[in-house]
S.K.: 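Below you'll find the structure I mean.
Each chain gets a letter, A, B and so on, in the order the sequences are listed, and its residues count up from 1.
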There are 2 protein chains.
Amino acid sequence: MARAATTSDAFNAVAEPRRREILNYLALQERSVGEIVATLEMEQPSVSKHLRVLLDVGLVNVRREGRRMMYRVNAEAIRPLHEWTSTFERFWQHQLNRVKEHAERKSSSWQGAIPAARQDKF
Amino acid sequence: MARAATTSDAFNAVAEPRRREILNYLALQERSVGEIVATLEMEQPSVSKHLRVLLDVGLVNVRREGRRMMYRVNAEAIRPLHEWTSTFERFWQHQLNRVKEHAERKSSSWQGAIPAARQDKF
DNA sequence: ACAATACATTCCTATATGGGAATATGTCAA
DNA sequence: TTGACATATTCCCATATAGGAATGTATTGT
């Protein structure tokens with residue numbers, strides 16, 4: 001089996017950077033396809049295709065206004081992502097607390113973050 | 001160009017449901033590959049491959065303990081996702097506020113949510 | 001009706017999977 | 001060293017893109 005369809009859920013849909021850009025832009029206010037194309041400097045067919053994906057997973061809604069299609073974000077659909085990430089919030093708060101306690105106890109220099117990536121092979 | 005690599009960033013990595021399951025499981029505590037395999041009922045090679053992806057984007061860290069590899073989540077790497085979704089938080093709060101105000105003003109029946117998906121073609 | 005405007009869809013292609021099977025690698029125990 | 005145990009990696013393949021080019025469709029103005 002290959003990777004899941006981008007239209008399978010919001011997680012897959014926002015995995016694409018261009019689609020996040022579009023959502024960020026739409027976060028400000030409702031926009032037409034043409035405005036998105038002009039502002040984000042993407043090809044029109046590309047924008048239409050990304051919007052189609054976002055529409056399929058419910059991340060945006062549309063409304064026709066004459067010849068233009070006005071898109072707006074449907075924040076509700078982003079909420080599951082927010083809630084999933086929130087389940088890990090306590091961890092970085094713990095880490096912050098530990099850093100804070102450490103700083104308060106020792107009041108000395110902080111060595112910076114531990115590199116997060118690959119630590120095997122050694 | 002095809003879709004971006006799952007190892008390109010955390011957004012792509014967590015787009016896969018199995019990987020989110022693994023992260024959820026690891027959120028409870030550090031676990032060995034074998035424990036993940038047994039608990040989530042996935043094939044061992046599959047788990048190893050998913051862990052590799054998670055490791056590449058820094059979503060987990062590893063530590064060898066004898067013959068076992070102990071994995072744990074690196075919540076810091078999830079933080080960017082949390083923060084991105086947070087930029088839309090005000091929207092659903094607005095919606096909730098509007099619902100609340102509406103309910104307070106009219107104190108009548110609420111028709112339920114507007115379907116989020118496809119509303120074109122009609 | 002017809003041209004222009006604004007989008008959407010289709011076709012084609014290189015690329016990146018994710019799962020299953022088989023195999024390789026690393027570590028410990030006897 | 002040898003065997004067993006725990007993981008990781010490689011191969012193969014069906015599938016799902018994302019971008020570019022070309023084309024189809026809907027709506028408005030004259």
Side-chain angles (χ1 to χ4, degrees), chain A residues 1-23 26 30-57 60-72 118-122, chain B residues 1-23 26 30-57 60-72 118-122:
Chain A
M1 198 185 289
R3 208 192 306 191
T6 55
T7 54
S8 59
D9 59 46
F11 283 94
N12 278 284
V14 305
E16 169 62 43
R18 298 310 187 68
R19 285 197 282 268
R20 289 202 300 279
E21 280 183 53
I22 291 174
L23 290 173
L26 293 179
E30 184 183 55
R31 297 288 190 176
S32 70
V33 176
E35 289 175 310
I36 299 172
V37 169
T39 303
L40 302 187
E41 298 180 286
M42 298 168 61
E43 297 296 321
Q44 176 267 309
S46 179
V47 170
S48 283
K49 281 183 279 190
H50 283 311
L51 285 170
R52 173 61 185 258
V53 171
L54 294 174
L55 196 56
D56 283 340
V57 299
V60 299
N61 289 113
V62 215
R63 172 174 73 83
R64 179 180 282 285
E65 191 179 271
R67 315 175 221 196
R68 303 192 306 162
M69 298 296 269
M70 305 302 289
Y71 284 84
R72 60 188 176 291
R118 305 293 302 288
Q119 299 191 336
D120 57 346
K121 296 289 187 191
F122 295 107
Chain B
M1 198 183 290
R3 207 193 306 192
T6 55
T7 54
S8 58
D9 57 46
F11 282 94
N12 278 284
V14 305
E16 169 63 42
R18 297 312 187 69
R19 286 197 282 267
R20 289 201 299 279
E21 281 183 53
I22 291 174
L23 290 173
L26 293 180
E30 184 183 55
R31 298 288 191 178
S32 70
V33 175
E35 289 175 310
I36 299 172
V37 169
T39 303
L40 302 186
E41 297 180 288
M42 298 168 61
E43 297 295 321
Q44 177 266 310
S46 179
V47 170
S48 284
K49 281 183 279 190
H50 283 312
L51 286 170
R52 173 62 185 258
V53 171
L54 294 174
L55 196 56
D56 282 342
V57 299
V60 299
N61 289 112
V62 217
R63 170 175 73 84
R64 181 179 280 287
E65 191 178 274
R67 312 176 223 195
R68 304 192 305 163
M69 298 295 269
M70 305 302 290
Y71 285 83
R72 62 188 175 290
R118 305 291 302 286
Q119 298 191 336
D120 57 347
K121 296 290 184 189
F122 295 106

S.K.: Can you find a heavy atom in the side chain of B:V57 that is under 4.5 Å from one in the side chain of B:T6?
M.R.: no
S.K.: Rounded to whole Å, how long is the line connecting atom CG of B:L51 with atom P of D:dT9?
M.R.: 11 Å
S.K.: Using the side-chain heavy atoms of B:S46, tell me which of these nucleotides is nearest: C:dG19, D:dA18, C:dG18.
M.R.: C:dG19
S.K.: Looking at B:R3 and A:N12, what are the two nearest heavy atoms and their distance?
M.R.: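 In terms of heavy atoms, the two residues are closest at NH1-OD1, 3.7 Å.
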S.K.: From CE of B:M70 over to P of D:dT7, roughly how many Å is that when rounded to an integer?
M.R.: 8 Å
S.K.: How does protein reach along nucleotides 23-30 of chain D, written 5' to 3' as B (base within reach of a heavy atom under 4.0 Å), S (only sugar-phosphate), or - (no contact)?
M.R.: ---SBS--
S.K.: Mind calculating the distance between CD (B:E16) and C1' (C:dA16) to the nearest angstrom?
M.R.: 13 Å
S.K.: Could I get the full list of side-chain contact (heavy atoms from CB on, under 4.5 Å) partners for B:R20, not counting sequence neighbours?
M.R.: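 Only A:D9, A:F11, A:W84, B:V14, B:P17 meet the side-chain contact (heavy atoms from CB on, under 4.5 Å) criterion with B:R20.
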S.K.: May I have the distance from B:E43 (atom CD) to C:dG18 (atom C1'), rounded to whole angstrom?
M.R.: 12 Å
S.K.: If I compare all heavy atoms of B:L23 with all of B:V60, which pair ends up nearest, and what's the gap?
M.R.: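 Where B:L23 meets B:V60 most closely, the heavy atoms are CD2-CG1, 3.8 Å.
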S.K.: What is the distance from CE of B:M69 to P of C:dG26, rounded to the nearest Å?
M.R.: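 Roughly 11 Å, once rounded to whole Å.
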S.K.: Give the nucleotide from the list D:dT10, D:dA6, D:dA21 with an atom nearest to the side chain of B:R68.
M.R.: D:dA6
S.K.: Working to the nearest 0.5 angstrom, can you tell me the gap between B:L54 CG and B:T7 OG1?
M.R.: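 That separation rounds to 11.0 Å.
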S.K.: If we fit an axis to the first five pairs and another to the last five of the helix from C:dA1-D:dT30 to C:dA30-D:dT1, what angle do they make, to the nearest 10°?
M.R.: 20°
S.K.: Without placing hydrogens or testing angles, list every side-chain donor-acceptor pair under 3.5 Å for residues 37-51 of chain B, not counting sequence neighbours.
M.R.:
unit_1	atom_1	unit_2	atom_2	d
B:T39	OG1	B:Y25	OH	3.0
B:T39	OG1	B:E35	O	2.9
B:Q44	NE2	B:S48	OG	3.1
B:H50	ND1	B:R19	NH1	3.1

S.K.: To the closest 0.5 Å, what do you measure between CZ (A:R72) and CG (A:L26)?
M.R.: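 It is 10.5 Å, given to the nearest 0.5 Å.
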S.K.: Would you indicate which nucleotide in D:dT9, D:dA8, C:dC7 comes nearest to any side-chain atom of B:Y71?
M.R.: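 Of the options given, the side chain of B:Y71 lies nearest D:dA8.
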S.K.: Applying side-chain contact (heavy atoms from CB on, under 4.5 Å) between A:R63 and each of A:E30, A:M69, A:R68, report the one that passes.
M.R.: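 Looking at A:E30, A:M69, A:R68, the match for A:R63 under the side-chain contact (heavy atoms from CB on, under 4.5 Å) is A:E30.
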S.K.: Measure from NE2 on B:H50 to C1' on C:dG18 and round the result to the nearest Å.
M.R.: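 The answer, rounded to whole Å, is 6 Å.
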S.K.: Would you say a side-chain N or O of B:S32 is under 4.0 Å from OP1 or OP2 of D:dT7?
M.R.: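 So the side chain of B:S32 is within the cut-off, an N or O lying under 4.0 Å from OP1 or OP2 of D:dT7.
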S.K.: Tell me, which of residues 4-14 of chain B have any heavy atom that sits under 4.0 Å from an atom in DNA chain D?
M.R.: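 When residues 4-14 of chain B is checked for heavy atoms under 4.0 Å from DNA chain D, there are no hits whatsoever.
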S.K.: Rounding to an integer number of Å, can you tell me how far B:L54 CG sits from D:dT7 P?
M.R.: 16 Å
S.K.: How many whole angstroms separate atom CD of A:E41 from atom P of D:dG19?
M.R.: 15 Å
S.K.: Please report the interatomic distance CD(A:E16) to CD1(A:I22), rounded to the nearest 0.5 Å.
M.R.: 8.5 Å
S.K.: Distances under 3.5 Å between protein N/O atoms and the N/O atoms of nucleotides 12-15 of chain C, please, pair by pair.
M.R.:
none

